There are 2 protein chains.
Amino acid sequence: MKKSASTQSVQDYLKHIYELTEKGSPASTNDLARELDIKPASVTGMIQKLAAEKPTLVEYQKHQGVTLTPTGKRAALEVIRHHRLLETWLVQTLGYSWDEVHEEAERLEHVISEDFERRIAAALGNPTRDPHGELIPTADLKMPVDDTTPLSSLRPSQSATIQRVAAADPNLLRHLDSLGLTPGIQIEVTEYSAFDNNLTVKVGRKINVLGLNITTKIFVELIS
Amino acid sequence: MKKSASTQSVQDYLKHIYELTEKGSPASTNDLARELDIKPASVTGMIQKLAAEKPTLVEYQKHQGVTLTPTGKRAALEVIRHHRLLETWLVQTLGYSWDEVHEEAERLEHVISEDFERRIAAALGNPTRDPHGELIPTADLKMPVDDTTPLSSLRPSQSATIQRVAAADPNLLRHLDSLGLTPGIQIEVTEYSAFDNNLTVKVGRKINVLGLNITTKIFVELIS
DNA sequence: ATCTAAATTTAGCCTCGACTAAATTTATTT
DNA sequence: AAATAAATTTAGTCGAGGCTAAATTTAGAT
């Protein structure tokens with residue numbers, strides 16, 4: 001029987017570094033600490049150890065934040081692939097709703113085998129997006145490019161398909177679900193208020209007035 | 001977010017204590033160490049801490065081994081229920097074979113939620129046995145009574161249904177599978193050799209001669 | 001250019017759960 | 001009943017990965 005390795009937290013560090021560095025800049029100690037729900041001093045310690053280890057996963061310079069090496073990025077994408085495949089699979093085969101899956105997937109993502117990953121991916125037909133519409137890294141660990149636009153940028157007469165809902169709060173997710181605002185759904189913008197940045201949107205027969213706080217979290221693909 | 005608690009290894013201790021104490025006698029330090037693949041001294045340390053904790057899970061007296069309290073037993077059955085439901089579910093929904101499931105279930109059993117447990121139990125129709133025929137503890141954490149007989153006790157002319165195959169070695173499991181000796185299958189004993197304790201058994205159209213080493217691991221229910 | 005506030009790092013400490021080596025207790029054999 | 005062997009426990013150590021408090025660095029504002 002193999003040693004179980006302390007790869008558990010490391011995976012969490014890598015995953016969050018990936019997310020924090022997506023916009024190009026290094027991940028700060030503080031931001032990482034907030035994401036991981038631990039103290040900044042602990043992050044510094046862990047990052048310093050990580051940066052020193054044999055297969056170099058992260059690049060680190062004091063006070064400058066941390067970034068992933070190509071190897072570290074692959075490791076992060078592996079975890080993210082696990083997470084998103086698991087969410088998809090929990091929703092599709094066990095009837096979880098999109099506001100319930102995150103926590104469960106968070107725990108499972110660290111312990112499933114590559115074999116398990118392959119099996120659920122195949123069973124689901126190698127999906128490209130999870131239930132929130134987040135892109136699932138491919139089997140060879142590339143993150144597909146996202147060509148969506150925030151709903152907040154649409155204006156009257158434009159129609160679009162909702163691709164992604166970048167919200168984590170379960171209450172908000174349930175609310176959006178009740179408004180019919182879920183991935184795959186088609187919408188049409190009918191009004192725009194420059195004053196408060198609200199959009200009026202038709203979803204089927206429903207008419208919803210959506211504030212900025214929501215419209216920046218919904219990403220769509222325009223229908224020409 | 002909750003603290004993740006060091007309940008991981010504790011669950012392993014409880015599970016193995018449960019198994020070792022099934023025949024009535026306390027689990028010895030040495031046996032536990034072998035099962036857990038750690039050194040006896042480590043077991044002593046952990047058991048002493050466990051025995052001191054607030055919800056008392058184990059009963060321990062120096063040099064006398066360890067047993068489970070009712071609470072500890074419930075905790076053990078919870079893990080075992082997780083394990084066996086997971087094995088069943090991996091086989092039935094993801095196409096794992098019975099020689100592949102153990103390792104994966106071993107890792108998953110510690111991280112699934114009670115909600116997840118309920119969902120797979122329901123999806124599987126609340127099964128009572130796992131793919132090896134092991135009894136699955138009920139939702140209220142009782143271990144059903146096992147009324148099977150070892151195949152080794154059968155004699156010519158007796159027919160039976162295989163209920164349980166108490167083997168862990170993947171090679172042996174694949175071998176038994178190739179002989180058709182899996183739970184649910186009906187067999188009939190045609191010969192018995194008192195000399196070497198071999199049984200000749202008809203499985204469908206197959207005739208197998210089975211040695212003691214195998215016949216003590218297969219448990220059956222007689223067909224009257 | 002300096003001063004202050006915020007971010008980060010350092011230093012030292014703690015708990016967990018393993019380990020080794022040595023001591024002790026129990027069991028077996030003569 | 002003593003002697004040896006086997007099992008168990010004790011004592012002390014280690015690495016992981018957190019934490020706090022204090023020191024230091026960077027950044028923003030006057």
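Just so we're clear, the structure is a prediction, and the values are computed from it rather than from any experiment. When reading the values below, keep in mind they use all heavy atoms of this one structure, side chains included, and skip hydrogens, waters and symmetry mates.
The shortest distance between the side-chain N/O atoms of A:Y60 and the OP1/OP2 oxygens of C:dT9 is below 4.0 Å. Applying the 4.0 Å criterion to OP1 and OP2 of C:dA18, one finds that B:K39 has every side-chain N and O outside that range. Side-chain N/O atoms of B:Y13 include none lying less than 4.0 angstrom from OP1 or OP2 on C:dC16. Side-chain N/O atoms of A:T44 include one lying less than 4.0 angstrom from OP1 or OP2 on C:dT9. Phosphate contact (OP1/OP2 of D:dT8, side-chain N/O of B:N30, threshold under 4.0 Å): present. A close approach under 4.0 Å does occur between a side-chain nitrogen or oxygen of A:S42 and OP1 or OP2 of D:dC19. Residue B:S9 has a polar side-chain atom (N or O) positioned under 4.0 Å from OP1 or OP2 of C:dA18. Remark: A:S28 is not in phosphate contact with C:dA7, judged by side-chain N or O atoms under 4.0 Å from OP1 or OP2.
A straight line from CD of A:E53 to P of D:dG17 spans 8 Å, rounded to a whole angstrom. Summarising the geometry, the separation between CE on A:M46 and P on D:dG15 is reported as 15 Å, rounded to the nearest angstrom. The CD-P distance, from B:Q48 to D:dA11, rounds to 10 Å in whole Å. Here C:dA18 presents its P atom at 15 Å from CD of B:E35, a figure rounded to the nearest Å. One atom, NE2 of B:H63, and another, C1' of C:dT26, lie 8 Å apart when rounded to the nearest Å. For B:D12 and C:dA18, the CG to C1' distance is 14 Å, given to the nearest whole Å. Taking atom CD1 on B:I38 and atom C1' on C:dA18, their separation rounds to 7 Å, with Å as the unit. Rounded to an integer number of Å, the gap from B:K49 NZ to C:dT15 C1' is 8 Å.
Comparing D:dA11, C:dT25, D:dA21 by their closest approach to the side chain of B:A41 singles out D:dA11. Checked against C:dA18, C:dT9, D:dG17, the side chain of A:P40 finds its nearest nucleotide in C:dT9. For A:K62, taking side-chain heavy atoms from C-beta onward, the closest of the listed nucleotides D:dA16, C:dT10, D:dA11 is C:dT10.
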Ignoring hydrogens and angles, write down the donor-acceptor pairs under 3.5 Å from the side chains of residues 133-142 of chain A, residues two or more places apart or on other chains.
unit_1 : atom_1 : unit_2 : atom_2 : d
A:T138 : OG1    : A:D140 : OD1    : 2.5
A:T138 : OG1    : A:K142 : N      : 3.1
A:T138 : OG1    : A:K142 : O      : 3.2

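Under 4.0 Å is where a charged nitrogen must lie from a carboxylate oxygen, and between B:R119 and A:E100 at least one such pair does.
B:T29 comes within 4.0 angstrom of the backbone, heavy atoms only, and of no base.
Of the N and O atoms on the side chains of B:H83 and B:D130, not one donor lies less than 3.5 Å from an acceptor on the other residue. No side-chain donor from either of B:D115 and B:S113 sits under 3.5 Å from a side-chain acceptor of the other. A side-chain donor-acceptor contact under 3.5 Å links A:N197 and A:Y192.
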